[in-house]
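In each ligand, atom 1 is the first atom listed, and ligand 1 is the first ligand listed. Only a predicted model underlies this, so the values are computations on that prediction, with no experimental measurement involved.
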Amino acid sequence: MSNGYYPYTGRFEVNRTIPDHGRDRAEVLAELAQMASEEDGSWESGQISGSYYCGDHEHYDYMKDVFGLFAHVNALQRDVCPSATKFTGEIIAMTLDLLHAEAVTDGTPCGLVTSGGTGSILHALIAYRDHARQTRGITNPNIIKPETAHAAFDKGSHLFGIEIRRVAIDPDTATVRPADVAALIDENTVAIIGSACNYGYGTVDPIEELGALALERGVGLHVDGCLGGFILPWGRELGYDIPLFDFRVPGVTSISADTHKYGYGFKGSSVIAFRDTALRNSQYFYLTDWTGGKYCSPGMDGSTSNGLLAATWASLLDYGKDGFRRVAKEIFATAATMQDAVTSHAELRIIGTPTFCFSFTSDLFDIYHVNDFMKLRGWRFNGQQYPNAIHMAVTGPQTQPGVAEKFTADLDEAVTYAVERKDEPAGSAAIYGGVSGGLTDEADEFIRAVMADMMDHQQAVPPLG
Ligand SMILES: Cc1ncc(COP(=O)(O)O)c(C=O)c1O
């Protein structure tokens, strides 16, 4: 990792052991305030894709007050914190309402609050695996995902011994073709996946067709609304062309929707909503004959902070439907302005028909030239591959006055810069190119080293041995 990842080296004390004496709180707080304000400075300009979904410090301050009231409370112990039961039930109820669970006539809708998008996807996968084992006797389960569906599905398959079958997308629409999914379904398929919307391109898979397929073949359909679940409903209401993806679609058996993205909660919360309790309840683990007592927890986590539940609950109440609508209107309008800026350049091409999140590439030059230039102007996009593309998930910070205009102006210059270098390799593609051609031994080692460095960097950890 480059030095940019370690800006505190040499500036703040390095703690290699617990200090002998507790440090002065004011001094520690001052250090942290310095780090926080520097880090906030990186996104407050509105030039970072995704990540900081509301960007509203007043909302954050309010949630901090709420969090503080319950931060120390263990949400697992419901006898001493019945508020966790209230928060959980109401977060799930509000999410089910947004996802039109009232339309369900063939089940009893329910949910789980999890630690994030990955957490919701993992819980969905265990539920499909265990439900299929219990009801269909499947011991060798598989799921089918469009290649654009999030990597968390692959992670879950890896963790839970589920075979994952990937389907190439239609390059014209950047969505999956249901017939391609159908071709991979067999007697061990427990679920098929669709995204609303996918992370890479912001496109929505044809959920209604996938739902019909799921019903016809007797498999589950998980809709990944981690990114879009809390914003696409408002976009539909505003008249944007967003296909139906919620529980009104027959055959949709679960939907993940992240409260910590466009629900504007703190990081660490999401909802996995199920069409029916039978699916959710199939993944419960409990141990009644443990010497430590009878243990049961509804999901994978053990103890968690009730502060996060409280803050998530309070976030939904703070915005209210009118607040979510107001912010969504600004986000969709900003995304449209930015997409117009992209399409105004014949050299650039938007992939598929995106929403508030869009991705673009070029058939003339390596799009990473554009990334290189935009980086110099303070922009941070997410890079993609197959094909090389860059993506922007528009969030609250981009809706500030002047940000979309700066994007437009900087992009004009970036295209000129890229055209001039069209026969040269791009700078940011160099690192990325290391793994784009397939996973070599060197690339494997590099990736493992980067992950280890996130935890073991020498500024904090003494060399071993
Ligand atoms: C579509 C989609 N699904 C799942 C996830 C995973 O969410 P998390 O990072 O909260 O685990 C993301 C994250 O960006 C996403 O965009």
Side-chain angles (χ1 to χ4, degrees), residues 43 48-54 91 95 99 111-126 143 145-160 164 166 169 174-176 191-205 207 210 221-233 235 242-243 245-246 252 254-273 299-301 304 308 311-312 315 331 335 351-352 354-359 380-385 389-396 451 454:
W43 59 263
I48 289 188
S49 166
S51 303
Y52 301 90
Y53 291 89
C54 85
I91 293 166
T95 307
L99 299 174
L112 272 175
V113 179
T114 75
S115 60
T118 301
S120 287
I121 289 169
L122 297 187
H123 280 88
L125 293 185
I126 309 186
I143 60 164
K145 76 155 212 177
E147 60 190 349
T148 45
H150 199 267
F153 292 99
D154 303 65
K155 188 187 223 177
S157 300
H158 160 75
L159 290 171
F160 307 139
I164 186 151
R166 295 193 199 92
I169 51 155
T175 60
V176 77
I192 59 176
I193 315 297
S195 302
C197 52
N198 60 56
Y199 163 83
Y201 303 130
T203 51
V204 180
D205 287 315
I207 303 300
L210 291 175
L221 167 58
H222 177 81
V223 175
D224 181 12
C226 284
L227 188 59
F230 273 91
I231 187 165
L232 292 178
I242 296 164
F245 68 91
D246 55 34
V252 169
S254 59
I255 306 175
S256 44
D258 287 359
T259 34
H260 74 185
K261 292 193 173 81
Y262 290 95
Y264 309 130
F266 278 145
K267 278 293 163 200
S269 85
S270 169
V271 175
I272 168 73
M300 279 188 280
D301 290 329
T304 53
L308 268 182
T312 303
S315 181
I331 288 176
I351 298 179
T355 50
F356 60 91
C357 165
F358 61 95
S359 167
R380 182 182 184 274
F381 303 116
N382 297 101
Q384 297 165 267
Q385 51 188 340
I390 49 183
H391 115 159
M392 179 83 201
V394 178
T395 58
M451 289 197 273
M454 283 166 143

What protein heavy atom sits nearest [atom], and how far away is it?
atom: atom 15 (C) of ligand 1; result: His150 CD2, 3.6 Å
atom: atom 16 (O) of ligand 1; result: Tyr199 CB, 3.3 Å
atom: atom 10 (O) of ligand 1; result: His260 NE2, 2.8 Å

Is it true that a side-chain atom of [X] and a backbone atom of [Y] form a donor plus acceptor pair closer than 3.5 Å?
X: Ser359; Y: Tyr201; answer: no
X: His391; Y: Cys357; answer: no
X: Ser315; Y: Ala311; answer: no
X: His222; Y: Ile121; answer: no

Do Ser269 and Thr259 have a side chain donor and acceptor closer than 3.5 Å?
yes

If we ignore angles and hydrogens, is there a donor and acceptor under 3.5 Å between the side chains of Asp224 and Ser256?
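A donor-acceptor contact under 3.5 Å links the two side chains.
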
Would you say Gly119 has any N or O atom under 3.5 Å from an N or O of ligand 1, going by distance alone?
no

If you take the nearest heavy atom of each of Lys261, Lys267, Lys155, which one is closest to atom 14 (O) of ligand 1?
Lys261

Option of least heavy-atom distance to atom 1 (C) of ligand 1 (set: Thr259, Thr148, Asp224, Leu122)
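Considering heavy atoms of Thr259, Thr148, Asp224, Leu122, the nearest to atom 1 (C) of ligand 1 sits in Asp224.
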
Check for me whether Cys197 has a heavy atom closer than 4.0 Å to any atom of ligand 1.
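Yes; Cys197 lies near enough to ligand 1 that a heavy-atom distance drops under 4.0 Å.
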
At a 4.0 Å threshold, what atoms of ligand 1 neighbour a non-hydrogen atom of [X]?
X: Asp258; answer: 7 (O), 10 (O)
X: Thr118; answer: 6 (C), 7 (O), 8 (P), 11 (O)
X: Ile121; answer: 4 (C)

Taking the six-membered ring for Trp, is the centroid-to-centroid distance between Tyr262 and Phe356 below 6.0 Å?
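Aromatic pair counts; centres sit under 6.0 Å.
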
